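Each ligand, and each atom within it, is numbered from 1 in the order the structure gives. Here the structure is a predicted model, which means the values were calculated and not measured.
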Amino acid sequence: MIVDLRSDTVTKPSKEMLDAMFHAEVGDDVFGEDPTVANLESYTATLFGMEAGLFCPSGTMTNQIAIKAQTQPLDEIICDKLSHIYNYETGGWAFHSGVSIRLTDGERGIMTLEQVKKSILPDFDWYPNSKMVCVENTVNKGGGAVYDIEQLKLLSDFCKESNLVFHLDGARIFNALSATGNSPSDLSGLFDSISVCISKGLGAPVGSVLLGSATMIKKARKIRKVMGGGMRQSGFLASACLFALHNNVERLKEDHQRAQRLSDSLGKCKWVKNVLPVETNIVIIEVDDAALYTQKLAENGIKCSPFSPIHIRFVTHLDFNDAMLEFALEKFKSIN
Ligand SMILES: *Cc1c(COP(=O)(O)O)cnc(C)c1O
């Protein structure tokens with residue numbers, strides 16, 4: 001048996017999802033004629049209480065479009081040092097938008113109001129304009145850490161008072177909502193823009209949706225086009241996303257339970273120095289040598305990701321079942 005815990009992006013469409021894709025009604029979406037894409041965009045927007053949505057090929061694109069559409073050169077965006085926007089999007093904020101970035105030093109990637117306040121610069125010629133605050137929920141590099149909704153409200157209120165754009169990188173927002181017991185509509189009114197990934201734990205092969213005001217999304221459509229992200233009969237992909245939103249949200253709690261079991265078991269292994277707290281579907285452990293233990297795990301049929309020279313990440317997902325969990329728990333014990 002091979003168990004792949006490298007990422008929740010490794011899932012493959014189920015027979016039922018493929019069936020939904022096969023029967024999708026499609027049209028040319030660059031002409032605005034794909035009914036399934038339109039349906040996905042409005043369905044997702046309504047779910048989160050936002051005005052409009054835009055279907056994109058990746059979460060990197062939805063984040064980068066959000067930055068481009070809501071900033072101009074000489075502006076600065078504020079992110080945590082662990083954020084995906086800062087670490088894993090090829091420096092796109094500079095490349096696409098010509099903005100600078102300021103980093104907060106959050107605990108497991110969670111920004112506090114104090115940290116955000118301290119990041120705002122006075123209006124001097126020699127400073128960029130503080131323009132946009134980006135939170136990530138859950139925080140990938142923070143081991144799937146989750147924001148409390150009250151914390152998001154505090155940050156949102158501050159952004160409103162201070163004329164700052166407030167963006168949510170919600171690549172795993174459904175994991176966060178599942179963990180806190182909130183519904184997507186509880187986020188309504190908090191953000192200017194939200195990026196939602198459907199190709200992570202929800203199991204669609206491709207696709208993220210950017211949400212925002214109708215005006216912002218109109219601008220975002222043009223930016224998507226210039227980035228080369230205008231797609232034609234993309235309803236085939238959008239139907240997989242709709243299928244995922246309808247069928248794979250409730251079950252995320254199973255992923256969280258399995259992650260907890262992995263964590264409990266890893267915590268008992270001598271070769272594991274530390275296990276970061278587990279709140280959702282991500283487990284990060286500390287070892288002496290991440291490359292060495294990633295290889296040992298691979299030799300035992302468990303694929304995982306080295307996350308730093310001493311950290312390894314495991315992510316549970318739709319295609320990781322109980323039999324695989326039991327297999328992994330046995331293997332962990334045999335490693336030394
Ligand atoms: C995966 C991910 C994204 C987007 O990634 P793509 O691979 O471009 O879809 C954005 N933010 C976070 C936190 C992620 O984990």
Before signing off on this row, confirm whether G59 and ligand 1 have an N or O atom pair separated by under 3.5 Å. yes
Under 4.0 Å from a heavy atom of T60: which atoms of ligand 1 are those, numbered in the order shown and with their elements? 4 (C), 5 (O), 6 (P), 8 (O)
Under 3.5 Å, is there a donor on one side chain and an acceptor on the other for E76 and S130? no
Part of N63 with heavy atoms under 4.0 Å of ligand 1, whether side chain, backbone, both or neither: side chain
In Å, rounded to the nearest 0.5 Å, how long is the span from OG1 of T280 to CG of D255? 9.5 Å
S58 heavy atoms, cut-off 4.0 Å: which ligand 1 atoms fall inside? 8 (O), 9 (O)
Ignoring angles and geometry beyond distance, decide whether E136 reaches within less than 3.5 Å of ligand 1 through its nitrogen or oxygen atoms. no
Atom 10 (C) of ligand 1 - nearest protein heavy atom and its distance: H84 ND1, 3.3 Å
Grab the two heavy atoms, one from F55 and one from S234, that are nearest each other, plus how far apart they are. CE2-O, 3.8 Å
Short check: is a protein heavy atom less than 4.0 Å from atom 15 (O) of ligand 1? yes
Could you walk me through whether E279 and T138 pass the side chain to side chain donor-acceptor pair (under 3.5 Å) check? CA-CA 9 Å; E279 293 179 64; T138 68; over 6 Å; no
Pair E114 + K118, salt bridge at N-O below 4.0 Å: no
D4 versus H317, side-chain donor and acceptor atoms under 3.5 Å: no
E89, any N or O under 3.5 Å of ligand 1 N or O: no
Is the closest N or O pair between R172 and ligand 1 shorter than 3.5 Å? yes
With respect to D169, determine whether any N or O atom, backbone or side chain, lies less than 3.5 Å from an N or O atom of ligand 1. yes
Answer yes or no for K141 and F307: cation-pi contact, defined as NZ/CZ to six-membered ring centre under 6.0 Å and angle to ring axis within 45°. yes
Using the side-chain contact (heavy atoms from CB on, under 4.5 Å) rule, take I285 and W271 through it: C-alpha gap first, then chi angles, then the decisive distance, then the call. CA-CA 10 Å; I285 59 168; W271 55 276; 3.8 Å; yes
What protein heavy atom lies closest to atom 2 (C) of ligand 1? Include the residue and the distance to one decimal. K200 NZ, 2.2 Å
Ligand 1 atoms in contact with A171 (distance to a heavy atom under 4.0 Å): 2 (C), 3 (C), 10 (C), 11 (N), 12 (C), 13 (C), 14 (C), 15 (O)
